[in-house]
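Single-structure report; data block below.
Note that the coordinates shown come from a computational prediction; the quantities given were computed from them, not determined experimentally.
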Amino acid sequence: MFFLLTVFGLAAVFSQKSVDIDGRLQPILNDFFEVCKKYDIDYHEKLFQLRNIDVSNSLPLEEGNTVLGMVTRDADGEVENILINWAAMLDPAILKVVAFHEFAHHFLDYKHTCQECNEIMAVVNVSYFDIANDWENQVTHLFTTSPVYLAKEKRDPVVSISME
């Protein structure tokens with residue numbers, strides 16, 4: 001009997017190690033993970049804390065109350081879902097900015113950087129197209145100023161020695 005309980009218990013634990021990812025968001029998530037690798041930021045553990053990365057048709061989409069993306073949390077306050085409003089999918093540039101913004105909340109431990117500015121982590125983006133047109137700089141800024149990256153640099157500083 002103990003053996004069966006152990007097997008079923010382990011099966012339940014391991015069955016929770018999958019994440020349902022909407023295929024339309026997978027390429028952008030892959031791009032995000034490639035940048036994580038570039039900056040030596042591990043994302044595996046946080047990925048499997050999630051239940052879903054999904055396109056949603058239930059986020060508000062009205063004047064004065066539009067939510068293009070959000071993370072949802074469980075009863076313990078842990079992120080369990082990353083949701084992207086279907087309306088963000090109407091333009092690839094907007095979709096990429098919104099997706100990177102939401103991914104950064106979870107994988108890079110980001111809060112918002114400003115209320116209304118031209119940064120990926122703004123509460124309200126002044127222009128998604130300005131951000132998209134400056135994408136490489138925006139992504140570099142997003143990662144190199146992220147709480148996860150700064151904590152990693154503090155733990156493992158890069159030291160260079162000049163041999164002059």
Test item: T72 and L83 side chains (from C-beta on) under 4.5 Å apart, heavy atoms: yes
Contact check, side chains of Y128 and L68, non-hydrogen atoms, under 4.5 Å: yes
pair W135-V97: side-chain heavy atoms closer than 4.5 Å: yes
Point-to-point distance, once rounded to the nearest 0.5 Å, from CG of N30 to SG of C36: 11.5 Å
Under 3.5 Å: donor-acceptor pair, side chain of N57, backbone of N85: no
Contact list for residues 138-151, test side chain to side chain donor-acceptor pair (under 3.5 Å), sequence neighbours left out: Y110-T145
Test of ring centre spacing under 6.0 Å for F33 and F103: no
Closest approach of C114 to E119 (non-hydrogen atoms, all atoms of both residues): SG-OE1, 4.4 Å
Separation between CG of L142 and CG of N137, rounded to the nearest 0.5 Å: 12.5 Å
Common cluster, V67/V98, ILVMFWY with side-chain heavy-atom separation under 4.5 Å: no
Any donor-acceptor N/O pair, D76 side chain to E78 backbone, under 3.5 Å: no
Hydrophobic cluster membership, M89 vs I21, 4.5 Å side-chain cutoff: yes
Pair listing, salt bridge (Lys or Arg N to Asp or Glu O under 4.0 Å) test, anchored in residues 40-68, at least two apart: K46-D109, R51-E80
Shortest non-hydrogen separation from A87 to L61 and the atoms involved: CB-CD2, 3.7 Å
Interatomic spacing from CD in Q49 to NE2 in H106 - rounded to 0.5 Å: 5.0 Å
hydrophobic_cluster_shared for W86 and V71, side chain cutoff 4.5 Å: yes
Min side-chain heavy-atom separation I84-E102 under 4.5 Å: yes
Note, L47 side chain near I53 side chain (heavy atom, < 4.5 Å): yes
Gap separating the CD1 atom of I28 from the NZ atom of K96, nearest 0.5 angstrom: 7.0 Å
Approximate separation, where rounding is to 0.5 Å, of N52 CG and S18 OG: 9.5 Å
Joint cluster assignment, V124 & V126, ILVMFWY side-chain distance < 4.5 Å: no
Step-by-step side chain to side chain contact (heavy atoms under 4.5 Å, CB included) determination, H105 to M121: CA-CA 8 Å; H105 275 307; M121 291 311 296; 3.5 Å; yes
Any side-chain heavy-atom pair of T66 and P60 under 4.5 Å: no
Smallest separation among heavy atoms of N125 and I120, with atom names: ND2-O, 4.1 Å
Test item: Y43 and K37 side chains (from C-beta on) under 4.5 Å apart, heavy atoms: yes
F129 backbone acceptor or donor facing N133 side chain under 3.5 Å: yes
Side chains of L108 and F143 in contact at under 4.5 Å (non-hydrogen atoms): yes
From CG (L29) to CD1 (I82), nearest 0.5 Å: 7.5 Å
